[in-house]
Every structure is written in structure tokens, then in C-alpha cells.
Colleague: 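Please find one structure pasted underneath; my questions will follow.
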Amino acid sequence: MKLAIVLVLLVIFTLVFHFVSPWWFTPLASNWSSIDFTVNVTFWVTGLVFIAVNLFLAYVVFRYRYSPKRKADYDPENRKLETSLTLLTTVGVVLMLAPGLFVWAKFIDVPKNASQVEVLAQQWHWSYRFPGEDGVFGKTHAHFISDLNPMGLDPKDLNGQDDIIVEDNQLHLPQGQPAKVLLRSKDVLHNFAVPQFRVKMDAVPGLVSYVWFTPEKLGVYDILCMELCGIAHYAMRGKVVVETSSEFKVWLAEQPTFAQSQQTATRDLAAGKSLYMVCASCHGQQAQGSVVSKAPALAGQHQSYIVRQLQHYQQSIRGTYEADDLGRQMASMSSTLPDLKALQDVAAYVESLSHINSPATIRNADVKRGEKVYQNCARCHGQEGEGNLALSAPKLAGLQDWYVRRQIHFFQHGLRGGHEADYFGNQMQLLAKTLNSEQAIDDVAVFISQMKNNAVQK
Amino acid sequence: MKVFSEITEKSWLTPSYTSPLEYSRIEEGIEIPVNKKPVLVILLVIISVFFTLFVVTFIARSQYPDFQALAGDYWQPFYNPQRLWLNSSFLLASSIVLEGAVYLLRHNKVQWSLLALGISLLLALQFIASQLLLFQYLINLGFDYASNPANSYFYLLTSLHAIHLLAGIVVLGWLLVYVWRSNGRKIRYEGISLCALYWHYLLVLWIFLVLLTTSSPGTYAFIAALCGVTLN
Amino acid sequence: MAIVDAGTAIADQPAHMHEPTGWFTQYVWSQDHKVIAIQYGITAIFVGLVALVLSGLMRLQLGFPETFHFIDPNAYLQFVTMHGMIMVIYLLTALLLGGFGNYLIPLMLGARDMVFPYMNMLSFWTYLLSVLILLASFFVTGGPTGAGWTLYPPQAILDGTPGADMGIILMLMSLAVFIVAFTMGGLNYITTILQARTHGMSLMRMPLAIWGIFVATALGLLAFPALLVSAIMMTLDKLLGSSFFMPAIVSLGEKLDYAGGSPVLFQHLFWFFGHPEVYIVALPAFGMVSEVLSVHARKNIFGYRMMVWAIVAIGLLSFVVWAHHMYVSGMSPVFGYFFATTTLIIAVPTAIKVYNWVLTLWRGNIHLTVPMLFAIGFIFTFTHGGLTGLFLGNVVIDLPLSDTYFVVGHFHMVMGVSPIMVLFAAIYHWFPLISGKKLHDGMGKWHFWITFLGTYAIYLPMHYLGFLGVPRRYYAMGDTGFTDTSVQSLNAGITVSALIVGVAQLIFIFNLIYTVRNGKKCERNPWHAASLEWQPAVYPPPHGNWGDKLPIVYRWAYDYSVPDVQQDYIPQNVPQDAINELSKPRGKSL
């Protein structure tokens, strides 16, 4: 009796949950309404079966509950009933399968006018490539990958020279234009998924897979990695910006071609040194940092990181919050550097300086425990704290403990890394939250500050 | 089709002890006899599945550009697989002698049979030893385990075959000791004849593996096309 | 080969010749299938509890992120992986086949024991070894692997994934050992079912439980080699640097020495095992639940032949659907047509089973005992899980839903909750046979209601998170453009339900201990069951099961409420004459 009522209630509950649930497909932003249609068909068919079977079950449990006066039927089989149920089920299955296969045929068949874009996945971020003016991608191979050539293009392939390289987590796509997304991976399996587009596909090292869709709604959507790819899997995010075709053209024109990205200007250390004089007032002559002016050590830090952060300060990506007074100070200081070349020179000069470790300032920290905590950081920042260019992870070894602690707090509380253009900051926000006791932060900060800063970056 | 009629029986219609299907073993109090051979056959099926799966991956892998078959060109080690066939002859001999031992046992020539069993075991061990020598020869030629997938598969498949043979050697050796200890009074005829069946199976498997690993790239491409193996 | 001669065929000898004498041979190095079954059962339940705790920890992180500082992304992935692997292989497979398979096969078929008792004993000890290796991985540097239970290379063996050194090696070793154990057990189950059935036990007189176990074992014997093959090849890739599955890789900025391998090849092998594995778990559960439904509804299984054929058909089809796990794996999309079609075809025999269970209850006389509650609960959860499978099997619907919480919800309903409902039904049902005592009813009912309603509260909402697009295996969602705080509240709610369900299992454990220690002896055949396992004179049945003479089987296992017979069940070993004496002759419906 109770069971019969509960079964009926469960069916009702399921239906109510289904209809009032705020958790449902995100509004569609691509051409794949046919997928939503197939889902709806399947929902109707399976929903009816679910209701019918369980209500009948509830009825049977109620109607044929135990009674000492009654004897059960003896009913070994019933050909007719069984055959008709089988046929009915088959009809239901065909009803669901047929539209599915039709839509799948569309999914396999990429429109001829689709424009191509390549998505390269790696632990734990995305980068993108457009074929450039010739409309043909240059060849790639893992063995071409280097710090200068992170996408592994064949430097000798002429088709690749005009390929447009986007070393950023944001992909821009023009509205209404079918896009064939070619997927590659450098290391492990990843999966390129945008919930609003409905489709997804794995990126597999060693082969090129693809997926296609037509972005139809303007907007910014999340790209999520949906194939487990290691400890920062959940922090592997990107954005796809769907914009009008003229906006898109403007954006694309701003991105460097492969040939451009290969030009390495010589850095002018002397110029860098004279520019650095302004910085030295806080960061110290040897860029060793200063606890008094609360300035971090910079010496030996990789120049690409310093350039990126200076740009962030200049573009109001970092150092904008009220509570981050030092950051705001730095933002105004950064504007004294006139152009990109100045940034690069000063960064190159800073990198050329050799680092001096500062004494620990945090008491009651356990370095041993800090070392254990650091193991998670080491995945990106390196076992020796040397940083990892391929992952855009800065050098940490020897940073002052108070500075590390402050930055972790900033990341945790959204004072740093929250801006959508600061992808690695976004990622660091997610990862900083794994340190959820003050003690752990202190331990790891002191451990980092005591690491020897002579390790060579990967 | 006995099985078909068995699994379409309407068993609720026949509440008697003789169902429409004939049962020979119907006497009350008689224990059900058990035949061991089917177990070995099932085991051999499982082993076949095991090796087949390796072979399927082998064929698929052989179609990747980095795969360097071990035969085909004259500078490849199995361009002339003489050495491999020489080793195989030990296994063949072992198999034949073992069959002879079973024959002798059936005709109650226990002493001779034990001798034949011993020789068969030694031949099998010799086979494994010469395989190890062959491994060494290949490594000296520069065909390391990891330098090419074809090499990896060769070492892997032949080692797995050797492990199966070693397991057989342990069992057969144990049976030999058992018969020896009882001075030939207790003879595990069934066990020894099953061992012989196992040996023949391993021989056939071996020949298949040799043929497979010494084929030319063209053959692999053909098989792959036949199986419809595509890259990805 | 070692296997063939490892033991003496027991049925060759009269029962009294192999009666163990010492306590050790009786309870530890026992060759009795019933003792081995209990050993399997206790070990499996123990590791199952470990996996349950792991799932609780996982849920704590998901429900209340940034709260528990010992759960970092490393630990989280390790919990996910070990939870999955333990539940699927070391709990469900081992308990259903090693436990219930061992206990029920000889008793239901009227055999004295398994055909190779010694090998059966080895099977258990090998299984125990595999469990110990698995648990050892918690204590090595780097901890257990966190690659997900699918262990996909390249990530399973590369830095950047927890436990990529010792953890993964121990995992693969443990699986290999488990497969050896399973093969020894499985050969025994198959040969016992094929050869040691007693007089009159034709194939179609076997209870459905045996059919389920039989087909599942056959699937296991043919599918586990695929897992072994992939485990061996991955171990070699890791240890000796071959490139079976490893293409050229730049891992965390470092160029590795691999080239040319194919990660997708691993996935094909894995799912060639992995999909049949679903049915290795499901088919014995299908069979056992049929027994429970039939006995407690006092009615024969409706459409017995159809049920048998459905089991066989599902078993066969399960080998040609594997790639439906790989629709978005980057394999050639053309395969999608084939695998979507086969996958949806498999829905037909599965649906038939559901109909026939419900029709078995129809016009029955339903006793809502604790095992029956669990069995009916199973019909509900399985229907739900089966229907959501139609979403994922249909290739285009898999595109939005793959790798989201929909998948998590689906497979937990269909191969987590459902087989576990059956396991509980089976334990409550057969406990009197195993121990001579009935489990406490009140505690059983509490256990059922909390488990049944609680698990639905866990998994139903998960499907909707999946529709929304929330990915699985995420340590934390963080901020996204498509989720709001309601997702976090829902996750917290799911966690609360999960913890309640988890704690409720203590009622069950307590009930087991309480009953074994304080329970009263129950009557013989307390459920008035007709099948053969309930017919021995003493509970638990003695060594050799049947005393001097093997039973003779005269009928199928489902003679309940036979017209014109007064007693509402006729045991399988009762001859027709005995009934004629007891009551009026049976009508022509026979």
C-alpha cells in the first residue's frame, strides 16, 4: 500500500521536478536546434513509458497486494501480449532513432562554405589558429613545438606563414558563418565543449578531430574542457566571442601571423636598465624587492610574465580594486613605460639580474608541510619553483613569503585574476581556492620563499 | 539443433522427471560425471580472444606511418626468418614427442612414456632458451623493444606466448613428478593428454604469430583493408 | 593449463570423502563454494564501504567547496577514480558473481559443489590479493591513480595526473590479478552450469538467476581479456617506453620520447571490455531479482522463455555496442550510425524484461517483504536508468550530454543503484539460507526506504545538471556564464541526500551483525520458495549440500499457485505422484 502510493508520488515528483526545474538546456546559440528537437522527441517517448510503466506498477502493487483469500494466477506466457509489447517498443525505438540518425548525418556533413579554425588544447589552456589569407593551414607536428612556436607549426611550410596565431583563451567567431573547428591536443585528451552550442568533441594528441556549428547568437560563451585531463581539468576554461562579421574582421586583423610571431627582436638591456631606475625605488636596485615598500622581488623572473603583468596593469586588468592599493599604485607606475618595446626591454633587464633570497617573515609556518602543499603548485610552477613557459606559469622560487600570501589572498577573494581577459588569473583563482586554511597558505608561502632560485626554466 | 530445442523447451508443461529432452543420467543416487576437456577448450577460447585482441591492435597500429615492419626489406632482421623457424622446430618437436608420450601411455608403456615426457619438456625449455638468444641477437642488431612498435609487438607477443608455455611446463612437470613418485602406479592420463592438446594449441598459435610478425608491410596493409581498419 | 589439473573434480567422489575437518580448512582455506561465497561477499562489502566513504568525500567537496582543506584537486580525482573502479569491479562484479554466483550455482542446480573446488578457492585468494594491491595504492608516494576509472592514456601515465607513477602501476597490476581470479572463478561457473546440473535439470528448468550468472560469466570471460590486453600494453608504455597508445606528446612543456601511438585504440579496447562489463553486473542482477519477484508474488515468472532469450540476446548484443561510449572521442564519426542503431536495439530485449517483471506481479499475490520492497524499487530505478540510456545511446543526443552530470546520473541509476537494490533484495532474501536466520524486518524497512528515496533524490537532479551542461569530474564549478548559485544549492542538496544514504547503510551492516549474533533460527524455507536451493534439509546446507543422494528435478523453478494444487508452491524436486496424492489432479493447463 505504502509502496504503491510512494511510486505514484515519485512519478508526480519527477514530473513536477521536470517542469519547475530551473536547470535545463541553456538557450541555444547555434544552428543545432535539430539536436534539441531530437532530445524533445526522446523525452516524450521515454517520459510516456516512464509514467505508464510506473503507474501500472503502482496499480499492480496496490491491486494485487497480499490477501490470504486469494491465489495468484498461473500464467507462464502470453504470446500475443509479449509480441505486441515488443512491437510497440520497437516502434518507440525507431521513433527516437530515426531523427537521431538524420541529425547525425548533418553533423558529419560539414557545409562547404564553412570557415576553418583550429583549436589546440593543452594542459590546461586553449589556443587558436586561423588559416590566414590563403585559407590553408600550415602543417604541424609535435616536434616543432617550442617556446617561440607553441602551436608546433612547420616553420618551412609556406602555407603556415600567414596562419593567424591566437595565444589567448578567447576565440572570436563571426555570427552566422558556419565554423569547422579542427581539434588538436599537445598532451592528453581534452574536449572542446560550449554548452550553448550543444556540440562537443575530444581533442586527441596525434590526430585531428573536428566539430562544426554555426554560431547564431551574439554573445560571449564559456568553453569548457569536458574530458578529464589532469588535476587542473576543472580550471581549463576558455571563451568564445560571437560577434558581427565586421567586428570579427577587425579583431582578426589585430592578431599576429605565424611569421610575425617568429620574429624575435633583440632586447636592449641598456635601455631596460635606464627604464628600470624608476622601478628600482620600490623594487630595489637588484630587483630584490623590499618588505618596507611592499614590493616583490623581480630579479630572474621570466620576461614574458613581467611583460604580461605590466600590460595588465596598463590595460586596467590588474590593480583596479579599491582594496588593492598597491596594485593601483603599480597601475599608475606602469603607465610611465611608453610602449611595448619599453616593456620588453625593462623585462629583459629584470630577467638578467640574479636573484637574492629574502629571509622568511612569517612565523609559525611549517616548511615541511608547505612542501607537501606545494606539490599541487609544482604541476605548473615546477618542482623547483622555476616556472614553466609552456604553461605560462611564472617562476616562484624565492618570492617573498608575505608577497605570496598576499597574492593568494587576492586570488581567493577576487582582487586579482577576475578580469575576463586575464585567463591565467582566472585559472589561478580556481586553484588558489584549494588552499583553504590560513595555515596552509603560510606554510606554502614560506616554503616558496626559501626555494633556491637557480633552477632553469623549462 | 539440440541447443535450439533445449532453449525453446516449454519447461512448465512437463512436470515430470523425463522432460521431452532425453536425459541419460536419470538413475537416482548416481553422481553426475564431469568431463574436464571442455574446461581446457573454454580456456583456449579465452586465450585465443586474448591474442586476437593483441593482433587486432597490431594490425591497426601497423597502418601508422611510424611502423617499421620487421620483414620486407633485405636489411630487416626477418627478411630471412630462418632463425625463427629453427626455434619453431624445437616447439614442433616438443609437441610431437608429447603426443608420442600420450600414445605410449595409452598403450601402458609407462617407462617409455615418462622418458618421452621428459624429452618433450626439455625441448620446450630449449625453445624458450633459443627465443631468449634470438631476443639478444635482435637487441644487438639495434632492434630495441621501444625503438619501433613492430619491435614492441614482436617482443610482447612472443614473450606472452612463452609465459603460456612456461605455465604449461610447470603443470606438465608437476604431472611428471607425480607419476614418477608413484612409480608409475598412478597415471594422470587425462591430465597429460590435455597437456598435449594445450601444446598443440600453443604450436598453432606460435606458427600464426611467426607468420604475422614476419609479414611484409604490404600484407599488413592488405589485412587492414580487409578488416576495414581505418586510422582513428 | 595449471587450471585444468588444479583440483579433483568433486562430483567424481562421494560426499564424505572431502569433508574438511579442521577449523582452518573449514573456514579459511575452504574449498566449499558456500564458504568461498561468503569470503567473497565479506571482502567485496568491505571494499564497497571504502568506496562509499570515498563517494561521501567527493560529495562533500562538490556540495560544500572551499570547506574541506584535505580535499584538493588531487585527492578529489583520486576519490572519483577509486570510487568508480572499486564499485564496478571489486564490489559489484565480485559480489554478484564471486559471491552470489558461487553460493547459488551449485545449490540451484543440485550440484554438490563447483566442479573444481580447489581452483575456486584459489580464485578467492587471488581476488583478495588484487584487493590488497588496490588498497596498497593508497599508501604509495603520489597516492592512487586519479585518471578516472576509464584510465585513459596518455593522461593516466603522465605527470599532471595524480598517481601517474606508482598509483597507476598498482591499479593495472591489481586489475590483471583480478582478471586471473575472475577467470578461475568463471571457468568454474561455466563448467558447473554446463556439466554438473543434477538429474532432470534441463537448461530451461534453471532459475533465471542461473541464466543471468551464466551469460554474465561468459561475457566476463570473453570481455576481461580486452581489459587485460589494454592494461598490459599501457603498463609497457609506462615502464618500457613503447608507443602502443602514446603519440608524440609535449607534456607540460617537455617533449616525451613517444611517437605514433593511438589513444583511441585504448578506448576501443577498454570499452570492448567496458560495455559488456555493464551487463556482467546487470545480468546476474536481472536474474536474481526475477527470483525474488516470483517468490514473493507467489506467481511464476511471466514469459520465462522470453526472459531467457532476452538475457542471451542482451549478452550477444553487448559486444557490438561498445563505441557508444566514444561518440565524441574523435573516432571516425561514421561509426556513429552503426553503434547508435545497435545500442537502441538492445533497448528492446531490456524493455521486455521490465514488462515481464511487472507482468509477473500482475495478478500475483504480493507479499511486501523487505526483499520484495527492494525488488520493486529496482524495477523503478532500472526503468528510470534504462530510459535515460536511450538519450545517451542516440548519438546526436550524446553530443550535448556526454561528459556531463547526465551521464553520471544515468549510469548510477542503471548500474549503481539498480544492481545494488538487487543485491540488497538478494541478501535479505537468501540470508535465511546462508545463516539459518532472517534479517530484522524493521531495520530492513528503514534501510529500504532511506536507500530508495535517498538515491532518487541524489540522481534525479544530476540529470538536470547535465542538461544545463555541468561537466562531470570537475573539482569545482567556479563562475561560468551559464550557471548561477542555484547549481551550488542543488549540489549541496545532493550531498546531503548522499550522506544520509551513506549513513543509512550502517543500519544494514548493523542488521547483519545483529542478526548473526542475536537472531532466532527461522523455519526452513521461510519464503516457501520452489527453487532447488531452498530444499536442503538443513540451513546452511552442509558440505556437499545434498547428503547421500543428489536431488532429482521434476519441474521448472516457478511452480507457484499452480491451479488445483492446494499448497501454493511445488518445490522443484517434488515428483508429480506426490502431488497427486496430496491434492486433486492438475488440470489440463499443465
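In what follows, chains are A, B, ... by sequence order, proteins preceding strands, each numbered from 1.
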Colleague: Non-hydrogen atoms of chain A under 4.5 Å away: do they reach the side chain of C/Asn356, the backbone, both or neither?
Modeller: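 C/Asn356 touches chain A through side-chain heavy atoms alone.
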
Colleague: Under a 4.5 Å heavy-atom cut-off, does chain C meet the side chain of A/Phe43, its backbone, both or neither?
Modeller: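 Both the backbone and the side chain of A/Phe43 come within 4.5 Å of chain C.
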
Colleague: Less than 6.0 Å separating the ring centroids of A/Tyr234 and C/Tyr76?
Modeller: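 Aromatic pair excluded; centres sit 6.0 Å or further apart.
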
Colleague: Could you look at A/Phe25 and say if it's the side chain, the backbone, both or neither that has a heavy atom under 4.5 Å from chain C?
Modeller: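 Both backbone and side chain.
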
Colleague: Could you pull out all residues at least two apart from A/Ser146 that satisfy side-chain contact (heavy atoms from CB on, under 4.5 Å)?
Modeller: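 Only A/Leu148, A/Asn149 meet the side-chain contact (heavy atoms from CB on, under 4.5 Å) criterion with A/Ser146.
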
Colleague: Go through the atoms of A/Leu81 and report whether side chain, backbone, both or neither lie under 4.5 Å from a heavy atom of chain C.
Modeller: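 Answer is side chain: those atoms of A/Leu81 sit under 4.5 Å from chain C.
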
Colleague: Go through the atoms of A/Ala105 and report whether side chain, backbone, both or neither lie under 4.5 Å from a heavy atom of chain C.
Modeller: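 Looking at A/Ala105, backbone and side chain both touch chain C.
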
Colleague: Identify which part of A/Trp124 has an atom lying under 4.5 Å from any heavy atom of chain C, answering side chain, backbone, both or neither.
Modeller: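 Side chain of A/Trp124 only, per the 4.5 Å heavy-atom cut-off to chain C.
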
Colleague: Need one label for C/Leu361: side chain, backbone, both or neither, based on atoms under 4.5 Å from any heavy atom in chain A.
Modeller: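 Backbone plus side chain of C/Leu361, per the 4.5 Å heavy-atom cut-off to chain A.
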
Colleague: Against chain A, label C/Tyr355 side chain, backbone, both or neither, depending on which of its atoms sit under 4.5 Å from a heavy atom there.
Modeller: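 The side chain, not the backbone.
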
Colleague: Tell me, with the steps shown, if C/Tyr464 and A/His18 meet ring-ring contact (aromatic ring centres under 6.0 Å, His included).
Modeller: CA-CA 8 Å; C/Tyr464 288 84; A/His18 175 70; 5.8 Å; yes

Colleague: With a 4.5 angstrom heavy-atom cut-off, could you sort out which part of A/Ser209 is near chain C: side chain, backbone, both or neither?
Modeller: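 A/Ser209 touches chain C through side-chain heavy atoms alone.
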
Colleague: Can you say whether A/Leu85 sits under 4.5 Å from chain C via the side chain, the backbone, both, or neither, judging by heavy atoms?
Modeller: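 Both parts, backbone and side chain.
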
Colleague: Examine whether an atom of A/Gln196 lies under 4.5 Å from a heavy atom of chain C, and if so say whether it belongs to the side chain, the backbone or both; otherwise answer neither.
Modeller: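 The side chain, not the backbone.
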
Colleague: By a 4.5 Å heavy-atom criterion (distance strictly below it), what part of C/Gln78 contacts chain A: side chain, backbone, both, or neither?
Modeller: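 For C/Gln78, neither part sits under 4.5 Å from chain A.
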
Colleague: Taking heavy atoms only and a threshold strictly under 4.5 Å, list by residue number the residues of residues 34-41 of chain A that touch chain C; give 'none' if the list is empty.
Modeller: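 Within residues 34-41 of chain A, the residues that come under 4.5 Å of chain C (heavy atoms only) are A/Ile35, A/Thr38, A/Val39.
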
Colleague: Taking all non-hydrogen atoms of both residues, which atom of C/Gln155 and which atom of A/Leu228 are closest, and how far apart?
Modeller: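 Heavy atoms only, the tightest pair is NE2-O, 3.3 Å.
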
Colleague: So for C/Trp357, is it side chain, backbone, both, or neither that comes closer than 4.5 Å to the heavy atoms of chain A?
Modeller: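 Neither part.
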
Colleague: Identify which part of C/Phe452 has an atom lying under 4.5 Å from any heavy atom of chain A, answering side chain, backbone, both or neither.
Modeller: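 C/Phe452 touches chain A through side-chain heavy atoms alone.
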
Colleague: Chain A heavy atoms under 4.5 Å from C/Thr341: which part of the residue, side chain, backbone, both or neither?
Modeller: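 Both parts, backbone and side chain.
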
Colleague: What part of A/Ile231 gets within 4.5 angstrom of chain C, counting heavy atoms only: side chain, backbone, both, or neither?
Modeller: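 Both backbone and side chain of A/Ile231 come within 4.5 Å of chain C.
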
Colleague: Considering non-hydrogen atoms only, spot the tightest contact between A/Phe50 and C/His384 and give its length.
Modeller: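 Shortest heavy-atom separation between A/Phe50 and C/His384 comes out as CE1-CD2, 3.5 Å.
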
